[in-house]
> 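Dropping a structure here in structure tokens format, bear with me for questions.
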Amino acid sequence: MDDDAEDPPVEARIGDPLRDRDETLAVAETATGGLVGALLTSVAGASDYLDRVVVPYDYDALRTTLAVRRETLDEHGAVSAPVTRELAQGVRDKSDTTWGVATTGIAGPSGGTAEKPVGTCFVAVAYAAPWGSEDSTVTVTRYEFDGDRAAVRELLARRALTDLQSALDNRRT
């Protein structure tokens, strides 16, 4: 993936649609440890739409900061579609934003298993539709990235923003 080579980069492309629709964004990052937030805040004017970036890293922080259910963590582990879904919904709802984005992953060099090897990552994008519309959505996508810890984290951060951009494009009226 080479989104950082695009002109303008993905972090610069998501601001206008959010700003134009008066929508807001909150981010929950685990494996990326703040890289998504760093990319977003590298763009002047990000404060127009970026509400917050939360970096809960262990099970207790996931539960107490963003209300990920203990049962979900026990059953699926932190790096899973269900946990990433709950993180995106939790950061969106606790922040009262239009959009929530979450990342989880195994960046390595250790921590992988046969089922979830190093490089396994998840991105969730949660949209809050107007109350009563029943149009709120969450999408979760699993990815497997190659590379060392720094490469996996960078690829995941950019993928999260690319997934957000796709969701924004799909919501255009």
> How many angstroms lie between CD in Gln165 and CZ in Arg159, if you round to the nearest 0.5 Å?
10.0 Å
> Is the number of heavy atoms from other residues, nucleotides or ligands under 6.0 Å of Glu71 CD greater than 12?
yes
> Answer with yes or no whether the side chains of Thr32 and Thr103 bring together a donor and an acceptor at under 3.5 Å.
yes
> Run the salt-bridge test on Arg158 and Glu11 with the 4.0 Å N-O cut-off and return the result as yes or no.
yes
> How long is the gap from CG on Leu168 to CG on Leu25, to the nearest 0.5 Å?
8.5 Å
> Any link between Leu35 and Leu50 through a network of hydrophobic side chains (Ile, Leu, Val, Met, Phe, Trp, Tyr) touching at under 4.5 Å?
no
> How long is the straight-line distance from CD1 of Ile106 back to CZ of Phe122, given to the nearest 0.5 Å?
8.5 Å
> Using modelled atom types only, decide if a donor and an acceptor are shared between the side chain of Ser133 and the backbone of Pro130 within a distance under 3.5 Å.
yes
> With rounding to the nearest 0.5 angstrom, report the OG1 to NE2 distance, Thr84 to His76.
11.0 Å
> Within a strict 4.5 Å, meaning less than it, do heavy atoms of the Val83 and Leu73 side chains meet?
yes
> Hydrogens and angles aside, do Asp163 and Tyr143 bring a side-chain donor and acceptor to less than 3.5 Å of each other?
yes
> For Asp22, is the CG atom crowded, meaning more than 12 foreign heavy atoms sit under 6.0 Å from it?
no
> Between Leu87 and Ala28, what is the shortest heavy-atom contact and its length?
O-CB, 4.2 Å
> Would you say the side chain of Lys116 lies within less than 4.5 Å of the side chain of Thr113, judging by non-hydrogen atoms?
yes
> Measure the spacing between CG of Leu18 and CD of Glu23 and express it to the nearest 0.5 Å.
6.0 Å
> Between the main-chain N or O of Val138 and the side-chain N or O of Gln89, is there a donor-acceptor pair closer than 3.5 Å?
no
> Should we count CZ of Arg70 as having more than 12 external heavy atoms under 6.0 Å?
no
> For the CG atom on Asp58, are there more than 12 heavy atoms of other groups (residues, nucleotides or ligands in this structure) within a distance under 6.0 Å?
yes
> Determine, using the 4.5 Å side-chain heavy-atom cutoff (strictly less than), whether Val10 and Leu164 are members of one ILVMFWY cluster.
yes
> Quick one: pull up NZ in Lys94 and CG in Asp51 and give me the separation to the nearest 0.5 Å.
13.5 Å
> Is there a donor-acceptor pair under 3.5 Å between the side chain of Arg149 and the backbone N or O of Gly108?
yes
> Under 4.5 Å between side-chain heavy atoms, hopping through other hydrophobics if needed: is there a path connecting Tyr49 to Trp99?
yes
> So does Thr72 get a backbone contact from the side chain of Glu86, meaning a donor-acceptor N/O pair under 3.5 Å?
no
> Where the side chain of Arg153 meets the backbone of Ala31, is there a donor-acceptor pair that is under 3.5 Å apart?
yes
> Given 3.5 Å as the limit, does a donor-acceptor pair link the side chain of Arg92 with the main chain of Tyr127, or not?
yes
> Check Ala151 against Asp146 and note the closest heavy-atom contact, atom names and distance.
CB-O, 4.4 Å
> For the side-chain contact (heavy atoms from CB on, under 4.5 Å) test, which of Leu62, Val91, Thr64, Val68 pairs with Pro56?
Leu62
> Tell me if a side-chain donor or acceptor on Thr30 pairs with a main-chain N or O of Tyr57 at a distance below 3.5 Å.
no
